[in-house]
Amino acid sequence: MLLIQPPDNIMGHKVETDFKKWARFGAMLSSPLTDAEKSALIFLNILGEIPEDQEKWMDAILEFYRCGEQPHSELPIAKERLLDWKVDSPTIWADFRIYVGIDLDKESMHWWEFMALFKSLPPDALIQKKIETRGIDLSEIKDTKLREDYRLRKLAVALDRQDYDDF
């Protein structure tokens, strides 16, 4: 990348950096497994072992996953999941073919490079539209007809469809 050399290690431990591995990691984070199960799988998958200082290692692994960025505590936390790497993979694949001109099935790249490209997809990209639609807060829409229209839009792209039965 231009002026940044993406790391190939976490706390001195060399790790696989390919975007496919880290997309699977992201999918695991939103899986229905318990936190203990997720932690064990993450450590075994990324490090090959369960380390002594698990909290320190988990923080470092998550920092790598976030491409070195710290979590934004001032941003509101979404009420629902906006992205699912597994469910959304066909859309992401297609958007990369259309807007970036690469076939993700045939490409190999560092997770940080992938995320730089992903974040730069234009607003017209279908994955960007899905994320935007999923993020709409229906409780803020006072007009009943308009709220129902947006509820149906959210339902069409929802990751957790049962969330929209209450509106």
Side-chain angles (χ1 to χ4, degrees), residues 6-7 10-11 13 15-51 54-97 99-100 104-105 107-121 123 125-140 150-167:
I10 297 173
M11 291 179 32
H13 185 346
V15 294
E16 186 179 336
T17 62
D18 189 70
F19 75 97
K20 292 174 186 132
K21 181 174 191 93
W22 288 92
R24 286 190 299 275
F25 170 89
M28 189 185 322
L29 289 177
S30 61
S31 75
L33 299 171
T34 67
D35 288 344
E37 292 168 328
K38 286 180 195 180
S39 293
L41 285 172
I42 286 167
F43 292 134
L44 292 172
N45 195 16
I46 302 298
L47 304 174
E49 63 183 346
I50 298 176
Q54 292 184 19
E55 187 174 334
K56 184 177 176 183
W57 276 98
M58 186 59 75
D59 288 345
I61 290 169
L62 289 171
E63 183 179 339
F64 183 93
Y65 177 70
R66 291 188 308 264
C67 303
E69 295 178 10
Q70 296 301 315
H72 301 287
S73 59
E74 69 277 358
L75 294 177
I77 297 173
K79 294 179 183 175
E80 58 249 315
R81 292 182 308 131
L82 303 180
L83 177 71
D84 184 299
W85 291 110
K86 186 174 183 178
V87 172
D88 291 321
S89 66
T91 304
I92 295 166
W93 177 86
D95 281 344
F96 268 73
R97 286 295 301 254
Y99 296 104
V100 184
L104 290 176
D105 288 335
E107 193 68 34
S108 178
M109 73 180 92
H110 193 286
W111 172 247
W112 289 26
E113 291 176 275
F114 170 81
M115 286 304 295
L117 293 170
F118 180 81
K119 290 176 182 178
S120 70
L121 288 171
L126 185 54
I127 192 61
Q128 300 290 32
K129 289 181 177 185
K130 283 184 174 185
I131 290 169
E132 180 182 5
T133 301
R134 289 171 183 157
I136 294 170
D137 185 349
L138 295 175
S139 67
E140 292 182 2
Y150 278 106
R151 186 189 73 80
L152 293 174
R153 289 183 196 186
K154 284 180 69 99
L155 185 58
V157 297
L159 295 171
D160 302 310
R161 295 186 190 276
Q162 71 275 4
D163 293 345
Y164 302 99
D165 294 338
D166 299 337
F167 288 94

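For the single chain, residues carry numbers from 1 onward in sequence order. The basis for the numbers below is simple: all heavy atoms, side chains too, and nothing from hydrogens, waters or symmetry mates.
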Pairwise side-chain contact, [X] with [Y], heavy-atom cut-off 4.5 Å (strictly under):
{"X": "Asn45", "Y": "Phe25", "answer": "no"}
{"X": "Met109", "Y": "Leu104", "answer": "yes"}
{"X": "Lys130", "Y": "Leu126", "answer": "yes"}
{"X": "Phe64", "Y": "Ile46", "answer": "no"}
{"X": "Leu121", "Y": "Phe96", "answer": "yes"}
{"X": "Leu47", "Y": "Ile61", "answer": "yes"}
{"X": "Tyr99", "Y": "Ser120", "answer": "no"}
{"X": "Glu63", "Y": "Asp59", "answer": "no"}

Could you tell me whether a side-chain N or O of [X] sits under 3.5 Å from a main-chain N or O of [Y], the two making a donor and an acceptor?
{"X": "Glu37", "Y": "Thr34", "result": "yes"}
{"X": "Trp111", "Y": "Tyr65", "result": "yes"}
{"X": "Ser39", "Y": "Ala36", "result": "no"}

Interatomic spacing from [atom1] in [X] to [atom2] in [Y] - rounded to 0.5 Å:
{"X": "Leu82", "Y": "Ile127", "atom1": "CG", "atom2": "CD1", "result": "10.0 Å"}
{"X": "Ile42", "Y": "Leu62", "atom1": "CD1", "atom2": "CG", "result": "6.5 Å"}
{"X": "Gln128", "Y": "Phe118", "atom1": "CD", "atom2": "CZ", "result": "6.0 Å"}
{"X": "Arg151", "Y": "Leu138", "atom1": "CZ", "atom2": "CG", "result": "8.5 Å"}
{"X": "Ile10", "Y": "Trp57", "atom1": "CD1", "atom2": "CH2", "result": "7.5 Å"}
{"X": "Met115", "Y": "Phe19", "atom1": "CE", "atom2": "CZ", "result": "12.0 Å"}

Going through the checks in order, is the side chain to side chain contact (heavy atoms under 4.5 Å, CB included) test met by Leu29 and Trp85? CA-CA 10 Å; Leu29 289 177; Trp85 291 110; over 6 Å; no

So the salt bridge (charged side-chain N to carboxylate O under 4.0 Å, His left out) pairs with at least one residue in residues 20-34 (sequence neighbours excluded) are Glu16-Lys21

Return the minimal non-hydrogen interatomic distance between [X] and [Y], and the atom names on each side.
{"X": "Ala60", "Y": "Met11", "value": "CB-SD, 3.5 Å"}
{"X": "Thr17", "Y": "Pro7", "value": "CG2-O, 3.7 Å"}
{"X": "Arg81", "Y": "Ser30", "value": "NH1-OG, 3.5 Å"}
{"X": "Phe43", "Y": "Pro51", "value": "CG-CD, 3.5 Å"}

Between Arg134 and Asp88 (salt bridge meaning N to carboxylate O under 4.0 Å), is one present in this structure? yes

